S.K.: 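There's a structure below that I have some questions on.
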Amino acid sequence: MPTLSDEIRVLFEALIAAYGPRGWWPLISKSGKDGFDADGYHPGLNCQPDTGDRFEIACGAVLTQNTAWRNAERGLRRLHELGLMRPEALANADTVTIADLIRPAGFCNQKSECLSVLARFFRGLPPGAVPDRDTLLSMKGIGPETADSILLFGFGVPVFIADAYARRTFGRIGLIAADTGYKECRTFTMDGMRVDAGTYGEFHALIVENGKRHCRSKPVCDRCPLIPFCGFSRRFRFFFANRGISSRGRR
DNA sequence: CGCCAGGCAACAC
DNA sequence: GTGTTGCATGGC
């Protein structure tokens with residue numbers, strides 16, 4: 001008897017077939033070096049946390065909150081150019097200076113405070129330690145998605161990032177209700193997957209890729225690789241029915 | 001011009 | 001607990 005995981009696995013396979021490995025998390029400080037492309041992506045490399053990269057990943061996770069990655073990246077590059085992409089350095093910078101540097105990423109006053117707190121946190125983090133999720137959530141400016149992004153891509157903790165693209169995509173397909181919140185979507189997906197960090201990272205990256213190309217706020221369904229499964233779940237169920245697989249077991 | 005982008009927190013009820 | 005609003009900037 002197939003379960004939810006079969007449905008999610010089909011989506012994952014359709015996405016990986018369409019786009020291939022994405023190579024997240026992008027590291028602009030490594031762009032152009034060691035197999036990283038100009039934008040900092042490294043196809044085939046997912047969720048392989050390196051101590052020196054964790055802080056940049058955390059900063060990027062904050063800067064991209066409700067912001068296009070293009071603009072978050074500008075902030076990251078400016079921090080990197082001034083040698084501030086290290087906890088010890090950024091912890092000593094004042095928030096006004098940081099705010100000015102990350103201005104292109106938007107919400108610069110709130111995000112500069114958050115980056116400053118993050119810098120001090122990472123500076124004091126013992127080598128090999130993995131942050132507690134609740135500790136991350138207790139920091140102003142770090143919510144569930146940012147915490148999960150840091151844990152997954154920075155520390156290899158296997159969690160699913162139920163971001164706006166994931167909720168929108170799953171909602172349109174019909175896997176979850178349209179108004180499902182972060183926590184419920186996260187639980188729903190992890191209950192059905194139970195995979196390692198690399199796979200969760202790849203899935204998230206693929207969902208974002210498809211979200212940017214097709215499952216936008218205003219959907220661009222033409223040539224979307226998920227069309228066979230989409231349409232308020234009807235075609236999705238039909239697909240499984242044709243394969244002799246029941247779609248029961250969801251929820 | 002208006003809407004959107006890989007959220008979050010503070011506040012109202 | 002849920003619903004609403006401000007937060008800033010750049011691309012289209």
Side-chain angles (χ1 to χ4, degrees), chain A residues 11-12 15 19 21-28 39-41 46-47 53 56-79 95-118 121 133-154 157 159-172 176-187 189 197 200-220 226:
Chain A
L11 298 182
F12 182 92
L15 289 171
Y19 302 119
R22 299 292 76 213
W24 272 37
W25 183 282
L27 295 169
I28 65 101
D39 295 317
Y41 294 85
N46 272 80
C47 301
D53 299 329
E56 179 182 342
I57 291 168
C59 289
V62 170
L63 291 187
T64 197
Q65 288 169 1
N66 202 41
T67 302
W69 177 252
R70 173 190 303 275
N71 294 327
E73 189 179 295
R74 287 178 180 161
L76 288 177
R77 287 190 188 281
R78 290 165 70 163
L79 290 174
T95 55
V96 177
T97 301
I98 299 173
D100 189 51
L101 291 170
I102 65 172
R103 190 165 298 279
F107 308 109
C108 51
N109 297 316
Q110 326 183 89
K111 288 177 178 176
S112 64
E113 294 285 346
C114 183
L115 290 190
S116 185
V117 171
L118 259 184
F121 175 75
R133 189 169 188 266
D134 288 330
T135 302
L136 291 174
L137 291 176
S138 71
M139 300 184 207
K140 198 172 294 185
I142 297 187
E145 179 180 342
T146 307
D148 283 340
S149 294
I150 294 171
L151 289 171
L152 173 61
F153 291 104
V157 178
V159 292
F160 177 72
I161 299 173
D163 71 328
Y165 282 129
R167 300 202 301 278
R168 182 192 299 155
T169 303
F170 290 176
R172 283 175 177 164
I176 60 177
D179 59 349
T180 304
Y182 185 94
K183 187 176 180 180
E184 190 185 347
C185 179
R186 178 184 191 268
T187 305
T189 307
Y200 278 124
E202 191 65 63
F203 197 29
H204 173 65
L206 289 165
I207 288 169
V208 172
E209 183 69 27
N210 194 65
K212 287 176 176 174
R213 296 197 197 194
H214 298 287
C215 217
R216 306 156 77 98
S217 179
K218 182 180 178 181
V220 182
L226 300 184

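In the text below, chain A, chain B and the rest are named by the order of the sequence lines, each starting its count at 1. Note that this is a predicted model, so its numbers are computed, not measured.
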S.K.: Taking the same atom, P, in C/dG10 and in B/dC8, what whole-Å distance lies between them?
M.R.: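 Nearest-Å result for C/dG10 against B/dC8 at atom P: 22 Å.
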S.K.: Can you measure A/Phe107 atom CZ to B/dG7 atom C1' for me and round it to whole angstrom units?
M.R.: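 To the nearest whole Å, that distance equals 8 Å.
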S.K.: Could you check A/Thr146 against A/Arg216 and say which one's nearest nucleotide on DNA chain B is further toward the 5' end?
M.R.: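 The residue mapped nearer the 5' terminus is A/Arg216.
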S.K.: Determine whether any donor atom in the side chain of A/Gln65 lies under 3.5 Å from an acceptor atom in the base of B/dC8, or the reverse, and answer yes or no.
M.R.: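 For A/Gln65, whose side chain was compared with the base of B/dC8, there is no donor-acceptor pair (under 3.5 Å).
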S.K.: A/Arg168 side chain: which of B/dA5, C/dA8, C/dG11 is closest?
M.R.: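 Of B/dA5, C/dA8, C/dG11, B/dA5 is nearest to the side chain of A/Arg168.
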S.K.: Between atom CG in A/Asp148 and atom P in B/dG7, what is the gap in whole Å?
M.R.: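 Rounded to whole Å, this separation is 13 Å.
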S.K.: Which part of the nucleic acid, if any, lies within contact of A/Glu145, taking any heavy atom under 4.0 Å across all strands shown: a base, the sugar-phosphate backbone alone, or nothing?
M.R.: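 Sugar-phosphate contact only.
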S.K.: Just how far, in rounded Å, is C1' of C/dC12 from NZ of A/Lys212?
M.R.: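 Atom-to-atom, A/Lys212 to C/dC12, this comes out as 16 Å.
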S.K.: May I have all residue pairs that pass salt bridge (Lys or Arg N to Asp or Glu O under 4.0 Å) and include part of residues 204-220 of chain A, sequence neighbours excluded?
M.R.: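 Pairs touching residues 204-220 of chain A that pass the test: A/Arg22-A/Glu209, A/Glu209-A/Arg213.
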S.K.: So A/Arg167, base contact, sugar-phosphate only, or nothing? Heavy-atom distance under 4.0 Å.
M.R.: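 No contact at all - A/Arg167 keeps every heavy atom at 4.0 Å or more from the nucleic acid.
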S.K.: Rounded to whole angstrom units, what separation is found between the CH2 atom of A/Trp69 and the P atom of B/dC4?
M.R.: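 In whole Å, B/dC4 P and A/Trp69 CH2 are 23 Å from each other.
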S.K.: Give me the distance, rounded to whole Å, that separates B/dC11 from C/dA8 when you measure between the P atoms they each carry.
M.R.: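 Pairwise P distance, B/dC11 against C/dA8, rounds to 16 Å.
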S.K.: Got a salt bridge between A/Asp148 and A/Arg133, using NZ or NE/NH1/NH2 to carboxylate O under 4.0 Å?
M.R.: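 A salt bridge links A/Asp148 with A/Arg133.
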S.K.: If each of A/Asn71 and A/Ala147 is mapped to the nucleotide of DNA chain B with the nearest heavy atom, which maps nearer the 5' terminus, i.e. the 5' end?
M.R.: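 Closest to the 5' end, via its nearest nucleotide, is A/Asn71.
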S.K.: Can you classify the ring geometry of A/Trp69 versus A/Trp25 as parallel (below 30°), tilted (30 to 60°) or perpendicular (above 60°)?
M.R.: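 Perpendicular, since the angle between the ring planes exceeds 60°.
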S.K.: Have a look at A/Ile207 and say if it touches a base, only the backbone sugar-phosphate, or nothing, with a 4.0 Å heavy-atom cut-off.
M.R.: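 Touches nothing.
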S.K.: Can you tell me how far P of B/dA9 sits from CD of A/Gln110, to the nearest Å?
M.R.: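 To the nearest whole Å, that distance equals 9 Å.
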S.K.: For A/Tyr200 and A/Asn46, does a side-chain donor sit closer than 3.5 Å to a side-chain acceptor?
M.R.: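 Looking only at side-chain atoms, A/Asn46 and A/Tyr200 do not form any donor-acceptor pair under 3.5 Å.
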S.K.: How many Å lie between CG on A/Asn109 and P on B/dG7, as a whole number?
M.R.: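 For the pair A/Asn109 CG and B/dG7 P, the rounded distance is 20 Å.
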S.K.: Just checking A/Lys140: base, sugar-phosphate only, or nothing, at a heavy-atom cut-off of under 4.0 Å?
M.R.: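 Sugar-phosphate, no base atom in range.
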S.K.: How many Å lie between CD1 on A/Ile102 and C1' on C/dA8, as a whole number?
M.R.: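 Those two atoms, CD1 and C1', are 10 Å apart.
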S.K.: Measure from the side-chain N and O atoms of A/Lys111 to the backbone N and O of A/Ile102, and report whether any donor-acceptor pair falls under 3.5 Å.
M.R.: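 No, because the side chain of A/Lys111 does not come within donor-acceptor range (under 3.5 Å) of the backbone of A/Ile102.
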S.K.: With rounding to whole Å, what would you report as the distance between C/dG3 and B/dA5 at their C1' atoms?
M.R.: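 About 22 Å, rounded to a whole number of Å.
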S.K.: Can you tell me how far P of C/dG1 sits from CD of A/Glu184, to the nearest Å?
M.R.: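 Rounded to the whole Å, the gap is 14 Å.
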S.K.: Can you figure out which of B/dC8, C/dT9, C/dA8 approaches the side chain of A/Arg103 most closely?
M.R.: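 So the side chain of A/Arg103 is nearest to C/dT9.
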